[in-house]
Amino acid sequence: MSDNNPILSGSAQSVAAYQDAIEQSSQAVIDWLKQPEMYQGKTVDQLRERIQLNFTSEGLGNQAAIARAVEYFLKDSLSVHHAQCVAHLHCPSLVISQAAEVLINATNQSMDSWDQSPSATIIEVKLIQWLREQVGYSAGDAGVFTSGGTQSNLMGLMLARDAFFARQGHSVQLQGLTGDLSKIKVFCSESAHFSVQKNMALMGLGYQSVIQVKTDAFSRMDLADLKAKLAQAKAKGEQVMAIVATVGTTDAGAIDPLVEITTLATQENIWVHVDAAWGGALLLSEKYRHYLNGLECADSVTLDFHKQFFQTISCGAFLLKDARHFELMRYQAAYLNSDFDEEQGVPNLVSKSLQTTRRFDALKLWMGLEALGKKQYADIIDNGVTLSQDVAEYVSAQPHLELVMQPQLASVLFRFRPESGDSAFVALLNQRIGDVLLAFGSANVGVTEADGITCLKMTLLNPTVCLEDVKILLASVKDTAEILLNAEFQS
Ligand SMILES: Cc1ncc(COP(=O)(O)O)c(C=O)c1O
């Protein structure tokens, strides 16, 4: 290899290049972290114009490539750690998660076979065992780390589908889908994540297989409507493949009544998948763990660590109550998980994953739990839930603001109420408030709908944010609304 060896290895030249590249990048990150702005405020068109690829025959070299990434990517990135960055379930990350990423990336282990990730495989399995304990499942290792909630929900739905067919003596894995597929239904609430629809379409069953159950005033699944819709489905000769309950809906943070849903499903022999992508963080909570009662009765569970567990993207998990269901997706590839390996008890995690090559994201959770300890982890999770309750009280006391729904997890749904204007006008005003705040780079507030009302959303995950910070944000909402009302928006 020439002096210009681009590969990471133990050679003196490679180690020096690695050190330089990491130092240059981490110094740039430190400078970026110190920027006071949440976002530089560039528009889509401005960024499209500004960002140009520069692939030359000879290459620019590491230093120049990093400098260009700093200029064109880093400087115009959103500061997710900023107190005014509250639009989405998009968390600031733990420092220890950054350190874990250094180890994950440099070692580049792949979780599809033990011989590509020896210690990593064992750590992931032990974490899955630990997570199962937290959920209240029996001892075991039926579970796997995933790229996030969408993939975990896909696994839950896919195994529910295949278990449903298996009960009728049919193997989807071998023979594919069969029969009148239009009769197969999945139930979830109107507020469940859209990945339920997307995944059902991906699985060949279409959006129309999803029956949306009404929600109550707090966006939770309405049990009476669930029962009524199940009865209607039965009367029409439809078959219920699964019920998806949500623990922490994306906007309201609503938690479906798990105990009642799982009890009903057990009576009817229906698979329950719980999407706890957000609310699963309460597994660590001291104050709010009881919100998850009933989770242990679910057939499968989605957890997401890149939400209120504060891990970098991506980091999720899928847990399966009964390990035997993993047989429904088992595939043996001689080069990865041969009979020989399996007889020897070699844990090749590819058998449990939709992915083949897979990152060692479990390391982040392991290091996070070890570094913070359960108490501090619980505190930073609980902080968002408690802060949201305080913010809701503050919002309710402001004459120009309206609390749209009482918070349940760490989000606050609210809207600006002008003195006059019909509902379309108020909806447009709130939409514009969100857009303008982002365009100026001053805040990223979510714009969404709750019960048909266009409203603003603050997702208050960040444990370094306090009520005073949120008051500043709400003052900018008010100022922006007034500017809009007084200026071009009037005309
Ligand atoms: C309730 C819920 N489930 C699933 C998802 C999808 O998770 P991911 O973005 O990790 O795929 C989200 C994303 O916000 C969510 O809010």
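Both ligands and their constituent atoms are indexed starting at 1 by order of listing. In this text, all values refer to a predicted model and were calculated from it rather than measured experimentally.
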Using side chain to side chain contact (heavy atoms under 4.5 Å, CB included) as the criterion, point out the one residue from Leu258, Ile261, Thr262, Thr266 that pairs with Cys297.
Thr262
Which of these, Val144, Thr146, Leu154, sits in a side chain to side chain contact (heavy atoms under 4.5 Å, CB included) with Leu354?
Leu154
What are the polar N/O contacts of ligand 1 with the protein below 3.5 Å, with distances?
residue: ligand 1; atom: 3 (N); partner: Asp275; partner atom: OD1; Å: 3.2
residue: ligand 1; atom: 3 (N); partner: Asp275; partner atom: OD2; Å: 2.6
residue: ligand 1; atom: 7 (O); partner: Gly149; partner atom: N; Å: 3.4
residue: ligand 1; atom: 7 (O); partner: Asp304; partner atom: OD2; Å: 3.4
residue: ligand 1; atom: 7 (O); partner: Lys307; partner atom: NZ; Å: 3.1
residue: ligand 1; atom: 10 (O); partner: Gly149; partner atom: N; Å: 2.8
residue: ligand 1; atom: 10 (O); partner: Asp304; partner atom: OD2; Å: 2.8
residue: ligand 1; atom: 10 (O); partner: His306; partner atom: NE2; Å: 2.8
residue: ligand 1; atom: 10 (O); partner: Lys307; partner atom: NZ; Å: 3.2
residue: ligand 1; atom: 11 (O); partner: Gly149; partner atom: N; Å: 3.3
residue: ligand 1; atom: 11 (O); partner: Thr150; partner atom: N; Å: 2.8
residue: ligand 1; atom: 11 (O); partner: Thr150; partner atom: OG1; Å: 2.6
residue: ligand 1; atom: 16 (O); partner: Thr250; partner atom: OG1; Å: 2.8

Applying salt bridge (charged side-chain N to carboxylate O under 4.0 Å, His left out) as the test, list every pair that has at least one member in residues 360-369; sequence neighbours left out.
Glu101-Lys364, Arg359-Asp361, Asp361-Lys364
Set of side chain to side chain contact (heavy atoms under 4.5 Å, CB included) partners for Gln398, sequence neighbours left out:
Tyr394, His400, Leu401
Acceptor/donor pairs from residues 435-443 side chains to any protein atom, 3.5 angstrom cut, sequence neighbours excluded:
residue: Asp435; atom: OD1; partner: Gln431; partner atom: NE2; Å: 3.2
residue: Ser442; atom: OG; partner: Leu437; partner atom: O; Å: 3.3

With side chain to side chain donor-acceptor pair (under 3.5 Å) as the criterion, how do Asn153 and Thr302 come out once you've worked through the C-alpha distance, each side chain's angles and the decisive distance to 0.1 Å?
CA-CA 6 Å; Asn153 285 347; Thr302 287; 2.6 Å; yes
